[in-house]
Amino acid sequence: GFIRNKLIEVYGKCGSAKDAREVFDGTSPKDSFSWDFMLTAYTRNRNVEEAEKLFQEMPEKNLFSWNVMLAAYAQSGYVLRTMETFNRMPQRDVVSWNTVVTFYARNGNLEQARALLKDMPERDLVSWKAVIAVYAQEGHLAEVKILFDEMPGWDLVVWTTAVALYARNKRIVEAREMFDTMPERDMISWTSLITAYARKGYMKEAKDMFEDIPERDLILWTGMLVGYAENRLFTEAEEAFRRMPERNMVSWTAMIVGYAEAGRLDMAKSFFDRMPEADLVSWTAMVVAYARNGNLAESINLFIQMPERDSVSWTAMVVVTAQTGELEETKRIYDAMPEKTLASSTAMLAACGCSGKINEAEIIFESMPVVD
RNA sequence: UCUUGGGAGGAG
């Protein structure tokens, strides 16, 4: 009972849905915790298809399970299933509403998200922060300012978002001033500003703060590494990679992407080959690396070889083939997708348009889900 | 019950 559930939970967290499933299958009787742990094990490992299967088999679905499934669809960018699930839920709470308003912000526009924010029957500070975060990540300074003024109160999270937003807009003096005047700071606020500096090319500022900070965790190290790599400072990136106390998938993949974007496919491949184990993200990075460096055949080859595919890898494949003008290939992949995302449909639409296939473009357009 | 929100890796 309790112990077996704990095991499912632990395996799920450690990234092994398979092990969790083994324990789950051997658990009898299963209570609602067993089912929920198994469900989150799948969603945390980005396995939406298996999560969906499990969800359908669940003898009783509580609000928590519905919310988990809703979040899984929303994070995968599945418009239809997200809306359908939200509409079918027997009850909704503030978490369900927040999941949906975040989804709107990511896939619609600011006006829609703001309208929903005002009409939602339940809202809390998270709702505001969720919408703000999406726009801050995209760097929309003017729009976020409106929301900053409208929201009921500021806390550490909002301050941190604001600081990062200014830094991403290269307003580094203001960002630093805000950072210095904010009422409290934690590890995330430090990392947020440092990585924003680094990624905008202010490596001197980033490095100085990095040296000043009392403790450095894996995320901060990786942030610096990404900054170096994005600014093509590979000597420094490699040095950070060696010096960091530990490395995870993110560190390895950051090196792969950094080299690939600089056109150094051989270096990217060598990091991929040396990874202790590759995950979905690193596989996708490598698939895209080949395509963007002119080797579509090998890209498709890897795509077929990869142990699993999710909505991002499918979308990536549609986009890269569309960009190389391989319309037939693009269409094959697009048709094979388990569920279309807005990004994949947009790419497919553009590909048809560019090749003068107006009728086909129209069919795709009509089939595209509308977020409203 | 780390289901939604601020810091690091894949498409957009």
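It should be emphasised that the depicted structure is a prediction, and the values quoted were computed from it without experimental measurement. Below, each value reflects all heavy atoms present in this structure, side chains not excepted, and no hydrogens, waters or symmetry copies.
Taking the six-membered ring where the residue is Trp, the centroids of A:W154 and A:F148 are separated by under 6.0 Å. Between A:W252 and A:F272, the ring center distance fails the sub-6.0 Å criterion.
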Dump the intermediate steps for ring-ring contact (aromatic ring centres under 6.0 Å, His included) on A:F24 and A:W35, then the final yes or no.
CA-CA 8 Å; A:F24 176 78; A:W35 286 93; 5.1 Å; yes
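Atoms CG (A:L63) and P (B:U3) sit 13 Å apart, rounded to a whole Å. Rounded to whole Å, atom C1' of B:A11 lies 16 Å from atom CD of A:Q75. One interatomic measurement links the two molecules: CZ of A:F303 to P of B:A11, which rounds to 14 Å at whole-angstrom precision. Rounded to whole Å, atom P of B:U4 lies 14 Å from atom NZ of A:K129. Taking atom CG of residue A:L165 and atom C1' of nucleotide B:G5, one finds them 15 Å apart after rounding to whole Å. Nucleotide B:A11 holds its P atom 14 Å from the CG atom of A:D279, rounded to whole Å. Rounded to whole Å, the distance from CD1 on A:I132 to C1' on B:G5 is 10 Å. Straight-line distance from the CE atom of A:M255 to the C1' atom of B:A8: 14 Å, rounded to whole Å.
Here the side chain of A:S299 pairs a donor or acceptor atom with the backbone of A:V287 at under 3.5 angstrom. Although no hydrogens or angles enter the test, the distance criterion places no donor-acceptor pair under 3.5 Å between the side chain of A:K340 and the main chain of A:M368. Within the 3.5 Å criterion, the main-chain N or O of A:F86 finds a donor-acceptor partner in the side chain of A:R92. Listed for the A:N45 side chain is no donor-acceptor partner under 3.5 Å among the backbone atoms of A:N47. Side-chain atoms of A:N231 do not come within 3.5 Å of backbone N or O of A:L233 as any donor-acceptor pair. Panel note: side chain A:T27, backbone A:K30; no donor-acceptor pair is recorded below 3.5 Å.
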Dot-bracket for RNA chain B, please. Rules: Watson-Crick or G-U, both distances under 3.5 Å, ( ) within the strand, [ ] when a pair crosses earlier ones, | for another strand, . otherwise.
............
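With hydrogens and angles ignored, a donor-acceptor pair closer than 3.5 Å exists between the side chain of A:D310 and the base of B:G10. For B:G9, the base has a donor-acceptor partner in the side chain of A:T253 [N/O atoms by modelled type, under 3.5 angstrom]. Counting atom types as modelled, A:R46 pairs a side-chain N or O with a base atom of B:G9 as donor and acceptor under 3.5 Å. Contact annotation: side chain of A:D186 to base of B:G7, donor-acceptor pair absent below 3.5 Å. You'll find a donor-acceptor pair under 3.5 Å spanning the side chain of A:T191 and the base of B:G7, going by distance alone.
Under the 6.0 Å distance and 45° angle rule, A:R81 counts as a cation-pi partner of A:Y78.
At a threshold of 4.0 angstrom between heavy atoms, the contacts of A:V312 include nucleobase atoms, whether or not backbone atoms are also involved. Nucleic acid contact class of A:S251 (heavy atoms, under 4.0 Å, all strands): none. Across all strands, A:M187 comes closer than 4.0 Å to base atoms (heavy-atom distances). A:R185 comes within contact range of no nucleotide atom at all, as no heavy-atom separation falls under 4.0 Å. Residue-level contact check: A:L156 touches the bases, meaning some heavy atom is under 4.0 Å from a base atom. Residue A:I194 is classed as having no contact, given no heavy-atom separation below 4.0 Å to the nucleic acid. At the heavy-atom level, A:V68 lies under 4.0 Å from the strands shown only through sugar-phosphate atoms. Nucleic acid contact for A:S192: sugar-phosphate only, since backbone atoms but no base atoms lie under 4.0 Å from a heavy atom of the residue. As judged by a 4.0 angstrom heavy-atom cut-off over every strand, A:N107 is placed among residues making no nucleic acid contact. Residue A:T99 is classed as a sugar-phosphate contact, given heavy-atom separations below 4.0 Å to backbone atoms only. Among the atoms of the strands shown, only primed sugar atoms or phosphate atoms (P, OP1, OP2) are found under 4.0 Å from some heavy atom of A:R292. Residue contacts for A:V319: at a heavy-atom cut-off of 4.0 Å it reaches the sugar-phosphate backbone alone, with no base atom in range.
Of the candidates A:R176, A:R171, A:K170, A:E174 forms a salt bridge (Lys or Arg N to Asp or Glu O under 4.0 Å) with just one, namely A:R171. Residue A:F241 is tested with A:F271, A:F234, A:Y228, A:Y259 for a ring-ring contact (aromatic ring centres under 6.0 Å, His included); the sole match is A:F271. Checking each of A:D93, A:T85, A:T99 against A:N67 for a side-chain hydrogen bond (donor to acceptor under 3.5 Å, both in side chains) leaves exactly one that passes, namely A:D93. Applying the side-chain contact (heavy atoms from CB on, under 4.5 Å) test between A:W128 and each of A:V101, A:V157, A:L147, A:V158 identifies A:L147 as the sole match.
Among the nucleotides B:A11, B:G10, B:A8, the one closest to any side-chain atom of A:T222 is B:A8. Of the candidates B:G10, B:G12, B:U4, B:G12 carries the atom nearest the A:A343 side chain, counting heavy atoms from C-beta on. The side chain of A:F33 sits closest to B:U1 out of B:U4, B:U1, B:G9. Closest to the A:D36 side chain, of the nucleotides B:U1, B:G6, B:A8, is B:U1. In the set B:U1, B:G6, B:A8, the nucleotide with an atom closest to the side chain of A:T195 is B:A8. Picking from B:U3, B:G12, B:G9 the nucleotide with the shortest atom distance to the side chain of A:A254 gives B:G9.
In the region residues 234-249 of chain A, proximity to RNA chain B at under 4.0 angstrom, judged on heavy atoms, holds for A:N248, A:M249. For the contact set between residues 196-220 of chain A and RNA chain B, defined by any heavy atom under 4.0 Å, the members are A:R199, A:D217, A:I219.
Shortest non-hydrogen contact noted between A:I256 and A:A285 is CG2-CB, 4.5 Å.
When each of A:Q137 and A:V288 is assigned the nucleotide of RNA chain B bearing its nearest heavy atom, the one mapping closer to the 5' terminus is A:Q137.
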